[in-house]
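No hydrogens, no waters, no symmetry mates; every other heavy atom, side chains included, goes into these values. Proteins come first, then strands; the chains are lettered A, B, ... in the order of their sequence lines, and each starts at number 1.
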Protein chains: 4
Amino acid sequence: MYYGDYLKLDQLLSAQQLESEKKGRYAHDEMLFIVVHQAYELWFKQMLHEIDSIIDVFKQNPVEEKHLFTANSRLDRVVKIQKLILEQIDIMETMTPMDFLEFRDLLVPASGFQSVQFRELEIKLGLSTKRRFQVDQKYFTGRLSEDDQNKVHSYEKTENILDLLEAWLERIPFVKTQDFDFWQEYQKVIDDLITTDEDIIKAHNQGDELKAELKRLESTKQTFASLFDEDIHQQMLEKGDRRMSREALLSALFILLYRDEPILYQPFELLTHLMNIDEQITTWRYKHAMMAHRMLGSKIGTGGSSGHQYLKNTTSHNRVFIDLFNLSTFLIPRSKLPKLPEHLIKKLNYHFNHEDL
Amino acid sequence: MYYGDYLKLDQLLSAQQLESEKKGRYAHDEMLFIVVHQAYELWFKQMLHEIDSIIDVFKQNPVEEKHLFTANSRLDRVVKIQKLILEQIDIMETMTPMDFLEFRDLLVPASGFQSVQFRELEIKLGLSTKRRFQVDQKYFTGRLSEDDQNKVHSYEKTENILDLLEAWLERIPFVKTQDFDFWQEYQKVIDDLITTDEDIIKAHNQGDELKAELKRLESTKQTFASLFDEDIHQQMLEKGDRRMSREALLSALFILLYRDEPILYQPFELLTHLMNIDEQITTWRYKHAMMAHRMLGSKIGTGGSSGHQYLKNTTSHNRVFIDLFNLSTFLIPRSKLPKLPEHLIKKLNYHFNHEDL
Amino acid sequence: MYYGDYLKLDQLLSAQQLESEKKGRYAHDEMLFIVVHQAYELWFKQMLHEIDSIIDVFKQNPVEEKHLFTANSRLDRVVKIQKLILEQIDIMETMTPMDFLEFRDLLVPASGFQSVQFRELEIKLGLSTKRRFQVDQKYFTGRLSEDDQNKVHSYEKTENILDLLEAWLERIPFVKTQDFDFWQEYQKVIDDLITTDEDIIKAHNQGDELKAELKRLESTKQTFASLFDEDIHQQMLEKGDRRMSREALLSALFILLYRDEPILYQPFELLTHLMNIDEQITTWRYKHAMMAHRMLGSKIGTGGSSGHQYLKNTTSHNRVFIDLFNLSTFLIPRSKLPKLPEHLIKKLNYHFNHEDL
Amino acid sequence: MYYGDYLKLDQLLSAQQLESEKKGRYAHDEMLFIVVHQAYELWFKQMLHEIDSIIDVFKQNPVEEKHLFTANSRLDRVVKIQKLILEQIDIMETMTPMDFLEFRDLLVPASGFQSVQFRELEIKLGLSTKRRFQVDQKYFTGRLSEDDQNKVHSYEKTENILDLLEAWLERIPFVKTQDFDFWQEYQKVIDDLITTDEDIIKAHNQGDELKAELKRLESTKQTFASLFDEDIHQQMLEKGDRRMSREALLSALFILLYRDEPILYQPFELLTHLMNIDEQITTWRYKHAMMAHRMLGSKIGTGGSSGHQYLKNTTSHNRVFIDLFNLSTFLIPRSKLPKLPEHLIKKLNYHFNHEDL
């Protein structure tokens with residue numbers, strides 16, 4: 001085994017062909033442009049390698065604990081890779097707009113929107129075409145070759161993490177046992193909190209201020225109602241304000257609230273990693289939009305897209321695990337948490353017990 | 001001299017007083033909350049220290065070369081500090097929303113919007129209240145104590161970098177000499193480029209397609225017109241789409257186009273640093289909005305502000321040096337650049353000449 | 001509650017007093033020097049806050065699972081803070097040696113070696129004076145004020161993480177049950193591996209080559225012997241090549257080998273975090289030595305210490321959790337791992353069981 | 001032009017062939033191992049692309065100012081790439097030693113020491129085989145294939161940055177004009193500083209203390225002597241304590257001392273970038289040694305090398321631009337700097353003069 005053969009360096013290092021050189025207009029910085037994009041594609045491949053293996057984990061039913069642990073390690077790796085490729089934007093920005101102009105026209109109409117691996121990544125995380133914001137849907141595959149369009153469509157037919165997560169969350173036991181209905185208890189706590197607030201408001205406010213405060217309170221009530229009222233939830237689903245079923249959301253909330261119980265450590269880590277992934281993607285999109293602005297001003301991109309304005313729109317809309325972020329709305333302090341019954345706490349712990357020794 | 005005395009460690013390290021401890025509800029993570037914010041304020045002080053010294057440089061007329069060099073080194077330092085404090089957000093996010101809930105109510109209605117140093121920083125860069133996006137203007141000082149409001153108002157009356165930059169750019173010589181009018185030459189190049197495009201379009205298109213292509217060309221024409229037509233420019237200024245005078249913009253464009261001439265190295269670095277600062281601020285705002293979303297969901301912030309939605313709005317609107325980004329629209333390839341006359345090129349070089357040896 | 005009051009900004013932001021200004025020799029960059037060091041001290045305080053709480057966790061016996069989880073979250077936070085303060089060195093390096101010279105003489109003989117919090121951090125992690133490399137021991141407290149020396153000595157008398165970790169590892173059950181002695185099984189595997197190697201070597205080598213290969217094999221045998229032979233281990237302890245007891249090391253190795261069993265997830269994370277902390281400290285020392293070299297060349301530091309050469313020595317010697325790194329020597333592939341008995345595997349799992357449903 | 005064709009994605013993304021898969025022992029993490037190393041090789045190619053172009057710049061005589069500016073921009077890019085690939089080590093470390101063991105035996109005896117591009121990079125920076133520390137010299141090419149050895153030897157015969165820098169520094173004018181000999185003036189300042197120190201020492205010390213202080217002063221004298229005495233310098237060159245000629249060192253020192261003069265901005269940036277490159281390489285080696293320790297413990301590497309101990313040795317010895325770091329020893333405060341004559345200051349400035357307007 002020889003280093004260069006193992007890594008196929010001949011193949012790898014002959015894949016940088018400067019278009020500007022071929023055209024007799026050698027532009028030094030085109031190499032950077034190629035290498036940065038190729039490094040992205042290498043890392044996309046690695047992320048897909050991890051994501052595929054995590055999809056395999058969640059296709060099991062039940063998901064074995066050791067596999068959940070493995071999935072978490074790999075999600076953590078994905079986040080670290082995302083942070084790395086975010087840094088690559090700073091390197092791209094060492095190329096000035098004037099230097100980009102030296103070869104930019106030669107690339108038309110190629111465009112980063114044609115990265116099939118990035119599309120695959122988005123789809124496998126859960127951002128299928130139908131979930132993208134509308135203007136974006138036509139761009140999503142429109143500029144791909146027919147072969148690549150077929151590939152992308154085939155990915156949409158396979159499993160994705162968002163759907164598998166939803167199903168896994170829906171299956172989570174614990175929240176309702178013979179003598180304990182967690183959600184009933186939780187609702188009681190919320191009702192109490194709101195009633196107390198109402199009393200305080202009425203005691204301390206009058207006239208317009210009273211009205212305004214009561215209106216705010218009503219809005220808080222509505223927010224909590226969205227968690228328990230299937231109709232409201234359905235409306236939010238249809239408007240695209242929610243992505244997962246109410247059952248899944250409730251399970252996720254349970255995990256966030258009781259993450260101190262041992263059996264919930266890994267589920268809690270899972271939700272945290274998925275939020276990190278979402279945050280990194282949106283930050284990457286944002287930085288990418290900024291770079292496009294800096295490179296092109298208000299010109300259109302090499303692929304004819306409206307450039308940085310378009311990128312900014314995708315940034316705020318194409319979130320995958322936004323439901324998990326929104327769950328923070330429903331958290332309550334530990335001191336107010338319904339106390340779990342002893343037999344449930346025992347179930348949530350390890351089998352081994354120090355008293356056994 | 002003793003390390004602890006020099007750094008006033010007694011004073012520094014006694015400034016972390018946990019509100020939760022005072023109230024008998026000790027919350028471990030409140031220390032992190034305090035330290036992160038204090039570290040921010042320390043770095044804000046350092047950034048202000050640099051910004052103040054840079055303002056002093058640009059209050060000179062003319063600005064001496066060695067001072068421009070110094071200003072650039074310090075701007076570079078500011079950018080590096082910005083990158084550091086961006087990382088601090090990741091540390092804040094090691095505090096989970098549940099842990100924040102343990103002491104969040106004790107802080108109401110204190111809020112990061114009350115950081116006077118951050119306001120000072122924005123104002124001294126050039127983001128005075130009147131330049132902020134409208135909804136933001138009332139928040140800008142509304143929640144400050146009277147003392148702090150007065151401080152903020154006093155900063156608005158002093159010089160800021162954006163205005164000083166504009167004045168400095170307007171004073172830049174070189175672009176018009178007895179026998180050479182750069183902007184006339186530049187306009188000729190642009191006109192030629194557009195005429196060529198028009199010919200190509202007419203030769204290859206018909207009917208609706210021809211119409212569409214001509215419309216796009218017209219829009220390009222308009223864009224370039226905005227650079228030379230004072231009326232269009234004035235309209236853009238009024239709408240807030242531009243911040244600097246047309247003269248200043250033209251000088252900045254000249255610097256970007258001819259940054260290979262020695263006397264323009266430092267001016268080019270200056271514009272680059274200012275774009276970096278702008279990019280870092282907006283990225284920081286974006287990440288901050290994400291963190292607020294993760295911590296609070298759709299709840300309102302401790303200061304009663306609408307939280308992450310509000311923060312997202314400030315992100316895209318409150319840009320300072322956005323004009324510099326937009327200048328990329330007007331760049332043309334080196335091969336098309338009007339050739340500068342020899343006597344001007346000599347003027348743009350160093351005094352020392354290798355032939356002198 | 002008001003932001004500035006809560007954060008004691010008056011106190012915090014008045015603690016930057018430039019010595020150069022007092023002496024009428026105003027040096028702009030002294031502010032950076034102060035702010036960087038104060039930011040370090042703020043973060044040291046935060047790290048100590050975490051380390052103290054982790055020490056409290058490990059003073060328990062047994063350590064409750066939920067506390068182990070909490071300790072891990074906080075260790076992860078410590079690592080993230082370490083990464084942040086590593087970046088601060090890059091900011092310090094924006095000050096050039098010439099600019100440092102402007103005020104360096106005013107600080108003599110103050111020195112970073114006089115940071116009591118950093119000493120406290122090292123000691124509480126486990127790097128007590130007696131464990132430091134010899135030349136270093138006199139510097140360790142020699143240059144502190146009497147008050148500070150007393151503080152440092154008092155920290156040496158309290159618990160530290162290394163010792164608590166050792167005790168906790170020694171208490172870990174599982175490795176020996178009535179019908180199963182893990183270490184006997186492990187040794188058998190090792191013996192088999194070595195015998196197989198020996199057969200292969202003898203079959204394929206002759207003369208000097210045979211001798212050389214057999215010598216290497218003998219050295220491998222000796223390495224493994226150090227794990228099971230208390231005498232060899234004691235010698236290594238005395239030479240400072242090991243820091244923990246053999247029992248503790250064996251438990252740590254068990255955790256690394258069987259980290260796929262649920263009850264070992266958190267212990268595995270714990271060991272990983274401690275290695276990360278060690279790696280970050282040593283990287284920080286290394287970067288710090290480089291910065292000293294760049295700032296001072298081969299001059300002596302402000303405190304009269306031999307500067308970067310001294311710092312380089314401390315880098316490689318003053319490791320805390322080096323035993324954990326060395327354990328990788330003893331890992332064997334999963335496929336060769338002794339199979340744990342069913343009843344033990346059950347004990348290592350969660351109480352809840354999907355079949356219960 | 002199509003994205004996937006332009007980037008040769010078919011070629012790029014088919015170059016990851018898992019040895020473990022071929023052998024029927026699929027190891028998930030082998031993909032990461034391959035991708036990390038391939039990403040390194042891509043970035044090495046990019047760095048070589050920059051370094052080659054910088055070598056071309058310095059092969060000119062004289063070096064044109066605009067080319068010096070270009071070289072600086074590219075060196076800055078190299079430093080940013082170095083920082084990025086330093087981060088890649090953190091990603092590699094998401095693979096645990098146990099997971100590495102799953103396929104490690106399949107790679108023997110391939111090794112990172114066989115990276116021809118990394119050797120090329122070191123050599124082109126200036127670290128030719130004869131300049132490496134001794135033990136390292138045999139490893140340097142010993143384990144390469146004959147083809148690769150020939151490549152490496154051919155690089156040693158071409159120009160490198162260290163030698164070209166030395167020659168360029170030796171050619172720098174300014175330090176000696178008809179009526180001004182800078183080094184004479186500088187020596188006078190140093191002599192005065194030392195005489196003053198001696199007087200102070202003699203006035204305030206007695207007996208053994210006096211002796212010790214005078215000995216330290218003598219050592220300072222010797223240090224400065226090494227700058228002006230060609231014999232001492234030659235001895236240091238032979239021992240490997242210096243790498244550049246005395247003339248080159250003196251010019252570099254002049255640049256550091258008078259970096260406020262406009263014509264020295266770019267030369268000053270150049271020296272700073274080269275120090276940054278050196279610092280990043282040595283930090284990378286250090287982190288790499290730490291990773292090897294963590295992965296392998298005290299085992300030998302896949303290539304049979306002594307692993308992390310070896311790597312640690314290369315870290316401290318194989319520095320390229322260490323002379324530049326050591327120059328800080330000879331800096332003196334601005335207030336003591338010999339004043340340059342007016343006609344020289346004018347020569348060091350731009351041709352354009354604000355008074356001309």
Considering only heavy atoms, which portion of [X] lies under 4.5 Å from any heavy atom of chain A: side chain, backbone, both, or neither?
X	result
B/Glu279	both
B/Asn276	both
B/Lys336	neither
B/Leu324	neither
B/Phe103	neither

Taking A/Lys287, A/Met275, A/Met98 one by one, which has the highest count of heavy-atom pairs under 4.5 Å against chain B?
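Of the options given, most contacts go to A/Met98.
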Kindly say whether A/Trp284 contributes a backbone atom to a donor-acceptor pair with the side chain of A/His288 at under 3.5 angstrom?
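Between the backbone of A/Trp284 and the side chain of A/His288 there is no qualifying donor-acceptor contact (under 3.5 Å).
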Would you please indicate yes or no on a ring centroid separation below 6.0 angstrom for A/Phe33 and A/Phe100?
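That pair passes the under 6.0 Å test.
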Do B/Phe228 and B/Phe224 have ring centres separated by under 6.0 Å?
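Not under 6.0 Å, so no.
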Cut-off 3.5 Å, side chains only: do B/Arg25 and A/Ser335 have a donor facing an acceptor?
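On atom types as modelled, these side chains do not qualify, holding no pair under 3.5 Å.
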Would you say A/Asp99 and A/Thr96 are linked by a side-chain donor-acceptor pair, where the criterion is simply a distance under 3.5 Å?
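Note: A/Thr96 and A/Asp99 side chains meet the donor-acceptor criterion.
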Test: A/Lys221 and A/Asp197 ion pair at under 4.0 Å
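Judged by the 4.0 Å cut-off on N to carboxylate O distance, A/Lys221 and A/Asp197 do not form a salt bridge.
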Go through the atoms of A/Phe268 and report whether side chain, backbone, both or neither lie under 4.5 Å from a heavy atom of chain B.
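It is the side chain, since no backbone atom gets that close.
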